[in-house]
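All ligand and atom numbering here is 1-based and tracks the order in the structure.
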Amino acid sequence: MRRVYLDNNATTPVLPEVLEAMRPFYLEEFGNASSIHHYGQHARAAVEKARASVAALVNARPAEIVFLSGGTESDNLAIFGLVRSGDHVVTSAIEHHAVLNSCKRLEQMGCEVSYVPVNGRGEIAPEDVRKALRPNTRLISIMMANNETGVLQPVEEIGRIALEADVFFHTDAVQAAGKVPIDVAKIACDALSISGHKIHAPQGTGAMFLKKGTLIQPMLYGGSHERQRRAGTENLPGIVGLGKAAEIARKWLESDGPEKMSAMRDHLQETLLRSAEAAGVNGLGAPRVPNTTNLWFDFIEGEALVIALDLKGLAVSSGAACSSGAIEPSHVLLAMGLSQQRARSSVRLSLGKQTTQEDIDFACQVVPETVARLREISPLYQKQTVG
Ligand SMILES: Cc1ncc(COP(=O)(O)O)c(C=O)c1O
């Protein structure tokens with residue numbers, strides 16, 4: 001059976017070149033980067049090479065990159081490391097749960113949090129961020145690209161607001177890194193989060209950009225690894241993989257890769273819209289990363305569509321999450337003003353660097369037929385067409 005993977009916002013496959021770069025660091029070059037002998041020196045050199053590569057991806061200095069276990073840890077470190085009890089934080093209603101649940105915890109710890117809304121296209125207005133500031137605001141945490149819709153947020157404007165107000169600015173760039181150019185100087189952020197497995201490096205790898213001179217309270221105590229910002233022996237092969245993936249991403253961004261990817265995404269999106277009535281794109285008209293499209297198909301359940309497509313060999317995702325046995329519609333789509341029903345009827349298709357035109361053609365064929373079949377058996381659709 002043919003299988004096509006269009007769920008690259010969930011995770012991406014490790015690219016063969018990335019795996020090749022990692023291999024020696026499991027076998028011959030397995031040293032601890034803190035050891036002073038030959039093995040340690042080689043490991044240290046490899047970690048520092050990877051650091052320079054990740055730094056180059058976001059236009060940072062190598063010393064401003066901290067390696068850690070992924071996007072979730074990076075978001076947590078930024079939030080718990082920069083905020084103190086009694087502080088106020090500004091974030092948005094559409095953040096990933098790594099940020100939202102950290103903010104909930106902050107509230108339990110005696111902090112105040114403001115959640116700025118989004119418009120119907122999923123965009124945050126910088127002015128709303130400015131209006132949310134209070135005298136005790138310490139941190140603004142606003143994502144660069146949303147994981148469900150791919151909508152890019154005006155982080156440069158928000159960075160300017162943070163700078164003027166003299167508050168920290170953290171941006172979760174997990175879904176932006178490797179998809180759009182990132183320049184931490186232009187964003188004027190103090191912290192920025194990256195996850196390895198969204199850019200074809202292994203799961204359980206990630207990095208944080210932390211602006212030079214920013215004092216952060218570490219979350220882990222132990223040795224003085226990562227300049228005392230993240231204790232624990234470095235994940236050497238994972239870091240090497242992340243460095244290689246960052247290098248590949250940087251070259252891809254400088255090539256016609258993004259253009260080709262957005263052309264494939266747009267073709268997919270337009271074909272699906274043409275082939276089904278009562279369908280639409282969430283976030284249409286807003287600037288988006290080139291790999292993501294999120295569509296609603298009225299009268300069907302996104303979860304049912306995901307399962308039916310999986311049986312045909314196509315892997316996509318619905319934004320809905322199952323919590324305590326009930327399927328909850330996506331908080332992102334609800335924040336954009338979608339009805340519960342329309343939010344539940346939405347699915348996300350996301351491309352990766354391995355995605356081919358044949359993969360897109362396959363999706364263009366199986367999604368319309370599956371939507372049509374599910375609608376045939378949907379009582380809601382029957383009622384609407386008969387009525
Ligand atoms: C926007 C965003 N932030 C954070 C994360 C968490 O990253 P990780 O899976 O590396 O912990 C994700 C993962 O889906 C994400 O999409």
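Contacts with ligand 1 closer than 4.0 Å are made by side-chain heavy atoms of His197 only, the backbone lying farther away.
The N/O atoms of Asp172, backbone and side chain alike, include one that comes under 3.5 Å of an N/O atom in ligand 1. Ligand 1 has no nitrogen or oxygen under 3.5 angstrom from a nitrogen or oxygen of Ala98.
Using cut-offs of 30° and 60° for the angle between ring planes, the His42 and His38 rings count as tilted.
A cation-pi arrangement is not found for Arg375 relative to Phe299, the charged atom failing to lie both closer than 6.0 Å to the ring centre and inside a 45° cone about the ring normal.
When only non-hydrogen protein atoms are considered, atom 8 (P) of ligand 1 lies nearest to Gly71 N, 3.5 Å. Nearest protein heavy-atom contact of atom 15 (C) of ligand 1 is His96 CD2, 3.2 Å.
A chain of hydrophobic side-chain contacts below 4.5 Å, direct or via other Ile, Leu, Val, Met, Phe, Trp or Tyr residues, connects Val184 to Leu242. Criterion: ILVMFWY side-chain heavy atoms under 4.5 Å apart, direct or through other members. Under it, Ile161 and Leu192 are part of a common hydrophobic cluster.
Nearest heavy atom pair, residue Leu351 against residue Arg265, reads CD2-N, 4.0 Å.
With Thr72, Val99, Ile194 as candidates, the residue nearest to atom 6 (C) of ligand 1 on a non-hydrogen basis is Thr72. Nearest to atom 13 (C) of ligand 1 by heavy atom, out of Gln203, Lys198, Gln175, is Lys198.
Counting only heavy atoms from C-beta outward, the side chains of Arg288 and Val281 approach each other to under 4.5 Å.
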